[in-house]
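Keep in mind that what you see is a predicted model, and the values were worked out from it rather than measured. Heads up: numbering here begins at 1 and tracks the sequence.
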Amino acid sequence: MQAIVAVDQHWGIGREGDLLFHLKADLQRFRSLTVGHTVIMGRKTLLSLPGSRPLPKRRNLVLSRDTSFAPEGVEMVRSAEEAAQAAASDAFCIGGGSVYAQLLPWCDRVYVTKVLADAPADTFFPDLDAAPDWTIAQQSDVMEENGIRFRYIDYVRV
């Protein structure tokens with residue numbers, strides 16, 4: 001399994017249920033990497049998508065303990081273990097914060113868009129730079145969009 005996430009300099013990923021940054025290049029990268037694959041997300045992430053609808057051209061697994069929540073077009077899983085079993089090895093965990101925390105032990109690669117800025121965040125991704133079992137496999141040069149500087153960093157489990 002893999003994860004894909006956009007973070008600020010302190011590994012913040014969101015605030016009040018929304019992303020911290022909206023970068024066209026990052027959204028295009030997200031789409032190109034995930035189309036044709038399984039994506040795993042939490043209930044709140046699904047509800048934050050346009051129209052609260054599943055992502056097209058992807059198998060959508062939604063991790064939620066709420067047994068009354070079963071929207072059309074998604075497959076529900078009730079635990080991290082069930083999600084890991086249901087997902088193919090090339091699946092992408094796409095958030096939110098608690099889903100990342102639960103599924104990171106099953107991930108062997110994380111695609112990070114690191115925004116070189118601080119944002120007021122209330123949701124965070126684990127700091128892979130401080131984790132001894134993760135290392136940088138590759139990183140891009142610094143790019144800029146609308147005054148926001150960022151780079152792509154791929155981490156792999158060692």
Shortest non-hydrogen pair, Ala83 vs Val77, comes out as CB-CG2, 3.8 Å
For Arg15 and Asp122, work out which heavy atoms get closest and say how close.
-> CA-OD1, 3.2 Å
Residue set satisfying ring-ring contact (aromatic ring centres under 6.0 Å, His included) with Tyr152, at least two apart, ordered chain then number -> Phe150
More than 12 heavy atoms of other residues, nucleotides or ligands under 6.0 Å from CZ of Arg53: is that the case?
-> no
Pairwise side chain to side chain donor-acceptor pair (under 3.5 Å) hits with a residue in residues 83-94, at least two apart = His37-Asp90
Which ILVMFWY residues can you reach from Leu116 by hopping between side chains whose heavy atoms are under 4.5 Å apart?
-> Val142
Report yes if the side chains of Val156 and Asp108 come closer than 4.5 Å at any heavy-atom pair, otherwise no.
-> no
The remaining residues in the hydrophobic cluster of Leu55, counting side-chain heavy-atom contacts under 4.5 Å among Ile, Leu, Val, Met, Phe, Trp and Tyr, are Ile4, Phe30, Leu33, Val39, Met41, Leu46, Leu47, Leu49, Val62, Phe69, Val74, Met76, Phe92, Ile94, Tyr111
Sorted by chain and number, sequence neighbours left out, salt bridge (charged side-chain N to carboxylate O under 4.0 Å, His left out) with Glu75 holds for Arg59
Decide yes or no for Arg31 and Lys57: does some side-chain heavy atom of the first lie under 4.5 Å from some side-chain heavy atom of the second?
-> yes
In sequence, state the C-alpha distance, the side-chain angles, and the governing distance for Ile40 and Asn60, and then conclude on side chain to side chain contact (heavy atoms under 4.5 Å, CB included).
-> CA-CA 6 Å; Ile40 307 167; Asn60 289 251; over 6 Å; no
Trace of the side chain to side chain contact (heavy atoms under 4.5 Å, CB included) decision for Cys107 with Met1 = CA-CA 5 Å; Cys107 293; Met1 186 181 309; 4.0 Å; yes
Is there a side-chain contact between Asp154 and Arg109 (heavy atoms, below 4.5 Å)?
-> yes
Do Asp18 and Ser48 have side chains that get closer than 4.5 Å, going by heavy atoms?
-> no
Taking every non-hydrogen atom, the tightest pair across Leu20 and Pro120 = CD2-O, 3.8 Å
Other cluster members, Leu104 - Ile/Leu/Val/Met/Phe/Trp/Tyr, side-chain contacts below 4.5 Å = Val5, Val7, Trp11, Ile13, Tyr100, Val110, Val112, Phe125, Leu128, Trp134, Ile136, Ile153, Tyr155
If you look at every heavy atom in Ala119 and Asp8, which pair is closest and at what distance?
-> N-OD2, 3.0 Å
Residues in side-chain hydrogen bond (donor to acceptor under 3.5 Å, both in side chains) contact with Thr67, at least two apart in sequence or another chain = none
May I ask you to say whether Asp141 pairs ionically with Arg151, meaning some side-chain N is under 4.0 Å from a carboxylate O?
-> no
Ignoring hydrogens and geometry, is there a side-chain-to-backbone donor-acceptor pair from Thr123 to Gly97 under 3.5 Å?
-> no
Residues at least two apart in sequence or cross-chain that pass side-chain hydrogen bond (donor to acceptor under 3.5 Å, both in side chains) with Thr34, listed by chain then number, are Arg58
Got a sec, which residues hit side-chain hydrogen bond (donor to acceptor under 3.5 Å, both in side chains) with Asp26, two or more places apart in sequence or on another chain?
-> Thr113
Return the set of residues passing side-chain hydrogen bond (donor to acceptor under 3.5 Å, both in side chains) with Asp133 (not counting sequence neighbours), or none when no residue passes.
-> Arg157
Check Glu144 against Gly147 and note the closest heavy-atom contact, atom names and distance.
-> OE2-CA, 3.4 Å
Please check if any side-chain donor atom of Asp66 sits under 3.5 Å from a side-chain acceptor atom of Ser64, or the reverse.
-> no
Does Lys114 have any salt bridge (charged side-chain N to carboxylate O under 4.0 Å, His left out) partners at least two apart in sequence or in another chain, and if so, which?
-> Asp129
Which heavy-atom pair separates Cys93 from Leu103 by the least distance, and what is that distance?
-> SG-CD1, 3.9 Å
Listed partners of Arg43 passing salt bridge (charged side-chain N to carboxylate O under 4.0 Å, His left out), at least two apart = none
